**Student:** 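Below you will find the structure I want to go over with you.
Since the model is a prediction, treat every value here as computed from it, not as a measurement. Chain A is the first sequence line, chain B the second, and so forth, proteins listed ahead of strands; every chain is numbered from 1.
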Amino acid sequence: MNEKNPTKKQQHILFILGLISFILAGIFVFRGITPSNYSYFLSRRIPRLLAMLLTGGGIAYASVIFQTITHNRILTPSVMGLDSLYLFLQTVVLFLFGSTSSWFLDPRLNFLLSLGAMAFVSIVIFPSFLKGERQNLFRLLLIGILLGTFFQSLSSFMQMVMDPNEFSIVQNRMFASFNSVNRELLLISSILVALLVLIVRRFHPSLDVMSLGRDNAVNLGVSYDYVVRSMLAIIGIFVAVSTALIGPVTFLGILVANLARELMQSYKHHMILPSAIFISIIALVGGQLFVELVLGGGIPVSLVINFVGGIYFIKILLKEGRIS
Amino acid sequence: MTNQKLMLLTVILSIGSLLVGVQNLDLQGLLALEETPVRILTLSRIPRLLSILFAGIAMSISGLIMQQLTRNRFVSPTTATTIDSAKMGFLFGLLLFPGSSLILRMVLSFLFALGGTFLFMKILRSLGTQNPIIIPLVGIMMGNVIDSVTSFFAIRFDLLQNIGSWMQGNFAMITRGRYELLFLSLPFLVLAALYANKFTIAGMGDDFAANLGLKAETIQRIGISIVAILTSLVVINVGQIPYLGLIVPNIVTMYRGDHLKNNLLTTGLLGANFLLLTDLLGRLVIHPYEIPIGLMIGVLGSVVFLVLIVRRRHPA
């Protein structure tokens, strides 16, 4: 295969993926619209679509880059518990400041504070965590999953301790879910995601080389640790944005990152990343349409995606488990 | 800690459990057999205490049996889909037979728990991997998939407001008349004690068991059935109590070695004490409110499980 330029086949696949995403988005926005109801529908659907695009893109970026810097296809930020960590940090911010001034209950402020905490944790704690454990992937994975459960239970625990009466009100107001997209954060998130995408573009060549492993990458002039640290911070922020907008979707990342690599048959991040984004959007928007049209609504898309992604994950685990 | 000391601790914690609550228990009144304190005790406090004891013993013994049968430290009702399958069975009981009795739901829950665990064991066998970590991983993932199916039906048929809190273990609802089914676990605990040695032998493999004149497969079936019954009893009456079956036997084995028959009593006692203590904490932290036991155990259990994995540099 000619690796210098994207092959015709890769371009075709990318084009088709883009087209499908576009069509699905169109159906999602314009379905059942008439001159009399368009303003209502559009005002509700466009923010939701935007949230799905941002989340889909964020998860795709975070997962692909995470797999590149950890050199494997099983780990993603979500299965390693990063989105639970974000929920936890958000709760901590509420816990520390929420009772002293209602100002901190403002979702935007909480978002920014938690975001900062997330980037900090990703830079400071994660590298050491990954370094010592690189030999045993499955152990690392189990630890990640458990950390996820731990952060989740701890968040619920703290929310309950804070205010047993208004537990569910706070929960609904502060924590997004698929059916209640957090609109206040859309603008700020769009700007953040655009900025991050621009930054990551500069790192594409380094990331491509990093697939060769640490030593080779260093030989080829990549300042490895610097790239890993910056990427971890960026991953942290991507995860924070997507979790803040529509809540955790644990198994989307693993599905998307692996499918993109399989379809593209390439190590080039400027090919893998766009296709991952499109697949992610297809999964989210298509999943939403599937839920609304076939399953009759009321079901969160994350449930469907986690079902499919979970089975796919078991498949990978069983395959890898036979080898090891 | 010896069994005697553990028993003493159980007694102390039990008394504590009886005394703590939203309603102050008037001790003098109780001694004079006044109506109010006696009713508090018999309607709410004693049922609660008994169900904690039963649930703690049943879940930790279930975990011990599974770990012996699979010879894997990280297999338990939580990580072998037993709890999730039991929940699914309970939901289908509600869906298909809306007016049904608790017994029928219990039977369905048991059947699902049995089916789920057997499926898991089958996959485990076909996997043939030596990597002990991958087995609980697959189990946890299968549990997630089962859970998403359960949530799907629950939402679809309006049986569920909030996925997170649904079926979370909770002792606050236990009153007289709402827990007696848990007494059914007694004969199965006795059965577990009788079969203890055989479970250990079955865990050594088919050939080894055959050499000693035992059919490993039969023993395994009996063991899993006991686990499924105990788990579904707890799920139906209290809700899910994760991790208990995983961490308690591990802690006991760490100090006592692997002899199942000797460990049975210790494991049961430690499980009961652990649950008693957690429940007390959950009731005291935000008194007069209380934090459901499922949540308390979720926090504490995942930490202990993490410590167990991190400590074990060279996996068993």
**Student:** Find the distance between CG (L303(A)) and CZ (F152(B)) and round it off to the nearest 0.5 Å.
**Tutor:**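 If we round to the nearest 0.5 Å, L303(A):CG and F152(B):CZ are 8.0 Å apart.
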
**Student:** Which atoms of F313(A) are under 4.5 Å from chain B, going by heavy atoms: the side chain, the backbone, both sets, or neither?
**Tutor:** side chain

**Student:** Can you tell which of V149(B), I291(B), V299(B), I140(B) has the highest number of heavy-atom pairs within less than 4.5 Å of chain A?
**Tutor:**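 Of the candidates given, the most pairs with chain A belong to V299(B).
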
**Student:** Do you know which of L141(A), V79(A), V308(A), N306(A) has the most heavy-atom pairs under 4.5 Å to chain B?
**Tutor:** L141(A)

**Student:** By a 4.5 Å heavy-atom criterion (distance strictly below it), what part of M142(B) contacts chain A: side chain, backbone, both, or neither?
**Tutor:**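 M142(B) touches chain A through backbone and side-chain heavy atoms alike.
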
**Student:** Counting heavy-atom pairs under 4.5 Å with chain B, which one of T149(A), L317(A), T250(A) comes out on top?
**Tutor:** L317(A)

**Student:** Report the C-alpha distance between L318(A) and I123(B) in whole Å, list the side-chain angles of each, state the deciding distance to 0.1 Å, and finish with yes or no for side chain to side chain contact (heavy atoms under 4.5 Å, CB included).
**Tutor:** CA-CA 9 Å; L318(A) 292 179; I123(B) 290 178; 4.1 Å; yes

**Student:** Atom CD1 of I134(B) and atom CG of L142(A): how far apart are they, to the nearest 0.5 Å?
**Tutor:** 11.0 Å

**Student:** List the atom of I145(A), the atom of M141(B), and the distance in Å for their closest heavy-atom pair.
**Tutor:** CD1-CE, 3.3 Å

**Student:** Given the options L306(B), I146(B), I286(B), which has more heavy-atom pairs under 4.5 Å with chain A than any of the others?
**Tutor:** L306(B)

**Student:** By a 4.5 Å heavy-atom criterion (distance strictly below it), what part of V285(B) contacts chain A: side chain, backbone, both, or neither?
**Tutor:** side chain

**Student:** With rounding to the nearest 0.5 angstrom, report the OG to CD1 distance, S148(B) to I305(A).
**Tutor:** 11.5 Å

**Student:** Using heavy-atom distances under 4.5 Å, tell me whether L154(A) contacts chain B through its side chain, its backbone, both, or neither.
**Tutor:**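 Both backbone and side chain of L154(A) come within 4.5 Å of chain B.
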
**Student:** Inspect the surroundings of CZ in F151(A) and state if more than 12 heavy atoms from other residues, nucleotides or ligands are less than 6.0 Å away.
**Tutor:** yes

**Student:** Judged by atom type as modelled, is there a donor-acceptor pair below 3.5 Å linking the side chain of R156(B) to the main-chain atoms of L295(A)?
**Tutor:**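 Yes; judged by distance alone, with no hydrogens or angles, the pair exists.
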
**Student:** Return the OG to CD distance between S153(A) and Q168(B), rounded to the nearest 0.5 Å.
**Tutor:**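 These two atoms lie 8.5 Å from each other.
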
**Student:** Under the criterion side chain to side chain contact (heavy atoms under 4.5 Å, CB included), I'd like the reasoning laid out for Y289(B) against M160(A): C-alpha separation, chi angles, the key distance, then a yes or no.
**Tutor:** CA-CA 9 Å; Y289(B) 298 94; M160(A) 217 160 187; over 6 Å; no

**Student:** Nearest 0.5 Å, please: how far is CD1 in I299(A) from CZ in F153(B)?
**Tutor:** 9.5 Å

**Student:** With a 4.5 angstrom heavy-atom cut-off, which part of F251(A) approaches chain B: side chain, backbone, both or neither?
**Tutor:**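 Side chain only.
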
**Student:** Rounded to the nearest 0.5 Å, what separates atom CZ in F138(A) from atom CD1 in I135(B)?
**Tutor:** 11.0 Å

**Student:** Examine whether an atom of I314(A) lies under 4.5 Å from a heavy atom of chain B, and if so say whether it belongs to the side chain, the backbone or both; otherwise answer neither.
**Tutor:** side chain

